[in-house]
**Student:** 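One structure, as structure tokens, below. Some questions next.
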Amino acid sequence: MMKDIATPIRTKAILEKYGFSFKKSLGQNFLIEPNILSRIVDHANVTEKTGVIEIGPGIGALTEQLARRAKKVVAFEIDQRLLPILNETLAPYSNVTVIHQDVLEANLMEAITEHFNECEEIMVVANLPYYVTTPIIMKLLEDKLPLKGIVVMLQKEVADRIAANPSTKEYGSLSIAVQYYTDAKTVMTVPKTVFVPQPNVDSAIIRLLVRDEPIVELKNESFFFQIVRASFAQRRKTLLNNLVHFLPNGKELKPVIEATLAQVEIDGRRRGESLSIEEFAKLSDALDSVLNNA
């Protein structure tokens with residue numbers, strides 16, 4: 001068995017060999033604990049039938065663990081300085097392709113078509129750069145890719161927000177946006193001590209299993225998310241106040257909004273964080289119908 005990349009000694013040797021210095025702007029924190037990487041792969045249930053998209057492979061520590069179990073791994077790396085390192089560390093694994101591109105600008109459907117035609121399922125597995133976690137997750141979901149799921153390491157605070165239930169301080173528009181598309185669960189917390197350099201916060205691994213259909217059926221998806229964003233615009237304000245102040249033409253529509261809240265039996269004095277996804281769906285469908293028939 002080859003020596004793992006993710007040991008403190010081997011990581012240090014690789015970084016020194018290439019004179020690599022971490023770029024804070026790219027959120028680079030490399031894991032130096034092979035057992036945790038192995039558990040990430042376990043939580044993603046990666047098998048020889050799985051195609052894996054990885055984002056930000058770094059020096060290949062997680063990529064290597066994925067390559068040992070997956071049919072194919074395609075890793076997107078934005079930092080050109082890491083390409084020669086990955087070329088060396090991943091040389092033993094013929095089932096890995098590294099693409100030098102910002103994943104937010106990538107055509108992921110094209111990459112899936114090109115690389116995963118022999119795979120029975122596709123997972124995204126990654127230690128995400130913390131500064132860009134939310135845009136990456138939302139891109140993966142909004143692009144409607146044929147994914148089985150997403151298992152990613154991110155800031156614990158963001159994981160808590162994604163998996164949050166209504167009436168908690170963590171619950172908000174991010175919770176609803178992700179849970180609309182997936183079944184979200186935090187499966188593991190990770191201490192900051194297993195990274196180099198150490199981040200300032202603890203991390204968590206979240207597993208998002210993509211639903212066959214979104215959790216609620218909507219007449220107008222974009223209007224639903226507009227209602228959700230408006231409802232959380234100022235958390236201390238009531239639902240009615242937020243909708244009146246943060247929906248386009250909300251002030252003129254106040255009587256309509258009040259009547260619609262009464263119609264769907266949602267008290268406008270409640271706060272957005274107390275509403276379930278189903279209640280938001282009911283409200284947005286009713287309001288959409290009223291406004292379109294006005």
Side-chain angles (χ1 to χ4, degrees), residues 27 31 36-37 39-46 50-56 62 66 103-104 108 112 121-191 199 201-218 221-222 224-229 231-232 235 271-284:
L31 264 164
I36 288 177
L37 291 166
R39 286 175 68 191
I40 294 172
V41 184
D42 289 342
H43 283 301
N45 203 15
V46 172
T50 312
V52 178
I53 295 171
E54 189 193 5
I55 297 153
L62 176 59
L66 291 165
V103 75
L104 290 172
L108 293 175
I112 287 169
E121 60 184 32
I122 300 161
M123 292 292 294
V124 174
V125 187
N127 170 18
L128 289 179
Y130 290 168
Y131 74 102
V132 76
T133 299
T134 303
I136 290 174
I137 290 175
M138 292 317 299
K139 176 186 167 71
L140 294 169
L141 297 175
E142 288 169 352
D143 281 5
K144 308 279 201 296
L145 303 168
L147 302 176
K148 180 184 175 194
I150 300 167
V151 175
V152 287
M153 169 108 66
L154 33 69
Q155 216 169 314
K156 183 177 180 300
E157 181 198 326
V158 179
D160 290 345
R161 283 168 51 210
I162 286 174
N165 293 316
S167 299
T168 60
K169 71 178 194 310
E170 292 82 15
Y171 182 73
S173 50
L174 179 63
S175 325
I176 293 169
V178 176
Q179 291 174 33
Y180 173 73
Y181 295 108
T182 73
D183 179 19
K185 187 180 181 195
T186 300
V187 291
M188 191 176 157
T189 54
V190 182
V201 292
D202 285 332
S203 303
I205 295 155
I206 198 161
R207 182 175 61 213
L208 309 173
L209 295 177
V210 177
R211 303 178 188 279
D212 293 335
E213 296 289 334
I215 193 168
V216 285
E217 201 176 315
L218 299 170
E221 201 175 90
S222 65
F224 167 79
F225 285 115
Q226 197 177 11
I227 292 283
V228 169
R229 281 193 298 273
S231 302
F232 287 99
R235 291 184 75 95
R271 289 188 179 156
E273 69 207 51
S274 73
L275 271 69
S276 66
I277 296 180
E278 290 75 14
E279 286 179 305
F280 274 117
K282 201 160 56 162
L283 174 59
S284 98

**Student:** Please step through side-chain contact (heavy atoms from CB on, under 4.5 Å) for the pair V41 and V52, ending with a clear verdict.
**Tutor:** CA-CA 10 Å; V41 184; V52 178; over 6 Å; no

**Student:** Could you tell me which residues satisfy salt bridge (Lys or Arg N to Asp or Glu O under 4.0 Å) with E221, sequence neighbours excluded, listed by chain and number?
**Tutor:**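 Partners of E221 by the salt bridge (Lys or Arg N to Asp or Glu O under 4.0 Å) criterion, ordered by chain and then number, come out as K144.
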
**Student:** Which atom names give the shortest non-hydrogen contact between M123 and T50, and what distance separates them?
**Tutor:**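 For M123 and T50, the tightest heavy-atom pair comes out as CG-CG2, 3.9 Å.
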
**Student:** Please name the pair of heavy atoms, one in A44 and one in V125, separated by the smallest distance, quoted to 0.1 Å.
**Tutor:**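 A44 and V125 have their closest heavy atoms at CB-CG2, 3.7 Å.
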
**Student:** How many angstroms lie between atom NE2 of H43 and atom CE of M188, to the nearest 0.5 angstrom?
**Tutor:**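 One gets 5.5 Å once the value is rounded to the nearest 0.5 Å.
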
**Student:** With rounding to the nearest 0.5 angstrom, report the OG1 to CD1 distance, T182 to I150.
**Tutor:**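 Output value for this atom pair is 7.0 Å.
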
**Student:** Considering all heavy atoms of both residues, which atom of S276 and which atom of P166 are nearest to each other, and what is their separation?
**Tutor:**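 S276 and P166 have their closest heavy atoms at CA-CG, 4.0 Å.
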
**Student:** Does some side-chain heavy atom of S231 sit less than 4.5 Å from a side-chain heavy atom of L275?
**Tutor:**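 Sidechains of S231 and L275: no contact.
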
**Student:** Who pairs with T186 by side chain to side chain donor-acceptor pair (under 3.5 Å), at least two apart in sequence or on another chain?
**Tutor:**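 Partners of T186 by the side chain to side chain donor-acceptor pair (under 3.5 Å) criterion come out as none, since no residue qualifies.
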
**Student:** How far does CG of L108 sit from CD1 of I55, to the nearest 0.5 angstrom?
**Tutor:**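 With rounding to 0.5 Å, CG (L108) is 7.0 Å from CD1 (I55).
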
**Student:** For the CG atom of L128 and the CG atom of L154, what is their distance to the nearest 0.5 Å?
**Tutor:**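 Separation between the atoms: 6.0 Å.
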
**Student:** Just jot down the side chain to side chain donor-acceptor pair (under 3.5 Å) partners of Q226, sequence neighbours excluded, or say none.
**Tutor:**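 With neighbours one apart ignored, the set is empty.
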
**Student:** For the CG atom of N127 and the CD atom of E54, what is their distance to the nearest 0.5 Å?
**Tutor:**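 It comes to 8.5 Å.
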
**Student:** Which distance, rounded to the nearest 0.5 Å, do you find between the CD1 of I205 and the CG of L37?
**Tutor:**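 Output value for this atom pair is 8.5 Å.
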
**Student:** Taking salt bridge (Lys or Arg N to Asp or Glu O under 4.0 Å) as the definition, give me every residue that meets it alongside R211, ordered by chain and number, with sequence neighbours left out.
**Tutor:**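 Scan of R211 (salt bridge (Lys or Arg N to Asp or Glu O under 4.0 Å), adjacent residues dropped) gives none.
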
**Student:** Can I get a per-line list of side-chain donor-acceptor pairs under 3.5 Å for residues 129-140, giving both atom names and the distance, sequence neighbours left out?
**Tutor:**
residue	atom	partner	partner atom	Å
Y130	OH	S203	OG	2.2
T133	OG1	P129	O	3.3
T133	OG1	Y130	O	3.3
K139	NZ	A106	O	3.0
K139	NZ	D143	OD2	3.2

**Student:** So L145 and V210, side-chain contact (heavy atoms from CB on, under 4.5 Å) or not? Walk me through it.
**Tutor:** CA-CA 10 Å; L145 303 168; V210 177; over 6 Å; no

**Student:** Name all residues meeting the side chain to side chain donor-acceptor pair (under 3.5 Å) criterion together with D42; count only those two or more places apart in sequence or in a different chain, and write none if there are none.
**Tutor:**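 With sequence neighbours excluded, D42 shows a side chain to side chain donor-acceptor pair (under 3.5 Å) to R69, given in chain and number order.
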
**Student:** Residues two or more places apart in sequence or in another chain: which of them pass salt bridge (Lys or Arg N to Asp or Glu O under 4.0 Å) with K169?
**Tutor:**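 For K169 there are no salt bridge (Lys or Arg N to Asp or Glu O under 4.0 Å) partners, ignoring immediate neighbours.
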
**Student:** Just checking E157: does its CD atom have more than 12 heavy atoms from other residues, nucleotides or ligands closer to it than 6.0 angstrom?
**Tutor:**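 No, CD of E157 has 12 or fewer neighbouring heavy atoms, counting only those of other groups under 6.0 Å.
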
**Student:** Please find the pair of heavy atoms, one from L208 and one from A184, that lie closest to each other, and give the distance.
**Tutor:**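 Taking every non-hydrogen atom into account, CD2-CB, 3.4 Å.
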
**Student:** With a 4.5 Å limit on heavy-atom distance, are the side chains of V46 and L66 in contact?
**Tutor:**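 A side-chain contact under 4.5 Å exists here.
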
**Student:** Output all residues satisfying salt bridge (Lys or Arg N to Asp or Glu O under 4.0 Å) with K156, sequence neighbours left out; order by chain, then residue number.
**Tutor:**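 Result, salt bridge (Lys or Arg N to Asp or Glu O under 4.0 Å) vs K156: D160.
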
**Student:** For S175, enumerate each residue passing the side-chain contact (heavy atoms from CB on, under 4.5 Å) test, keeping only those at least two apart in sequence or located in another chain.
**Tutor:**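 Partners of S175 under the side-chain contact (heavy atoms from CB on, under 4.5 Å) test: A164, Y171, Q179.
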
**Student:** Is the closest side-chain heavy-atom distance between V151 and R207 below 4.5 Å?
**Tutor:**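 Sidechains of R207 and V151: in contact.
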
**Student:** What pairs with A281 under side-chain contact (heavy atoms from CB on, under 4.5 Å), at least two apart in sequence or on another chain?
**Tutor:**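 Residues passing side-chain contact (heavy atoms from CB on, under 4.5 Å) with A281: V216, L218, F224.
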
**Student:** Which residues pass the ring-ring contact (aromatic ring centres under 6.0 Å, His included) test with F225, not counting sequence neighbours?
**Tutor:**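 By the ring-ring contact (aromatic ring centres under 6.0 Å, His included) rule, F225 matches Y180.
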
**Student:** Heavy atoms, side chains only, cut-off 4.5 Å: are N45 and K148 in contact?
**Tutor:**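 In contact.
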
**Student:** Among all residues two or more places apart in sequence or in another chain, which pass the side chain to side chain donor-acceptor pair (under 3.5 Å) test with K185?
**Tutor:**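 Scan of K185 (side chain to side chain donor-acceptor pair (under 3.5 Å), adjacent residues dropped) gives none.
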
**Student:** Find out whether L31 and M153 are in side-chain contact, i.e. whether some heavy atom of one side chain is under 4.5 Å from a heavy atom of the other.
**Tutor:**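 Yes, their side chains come closer than 4.5 Å.
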
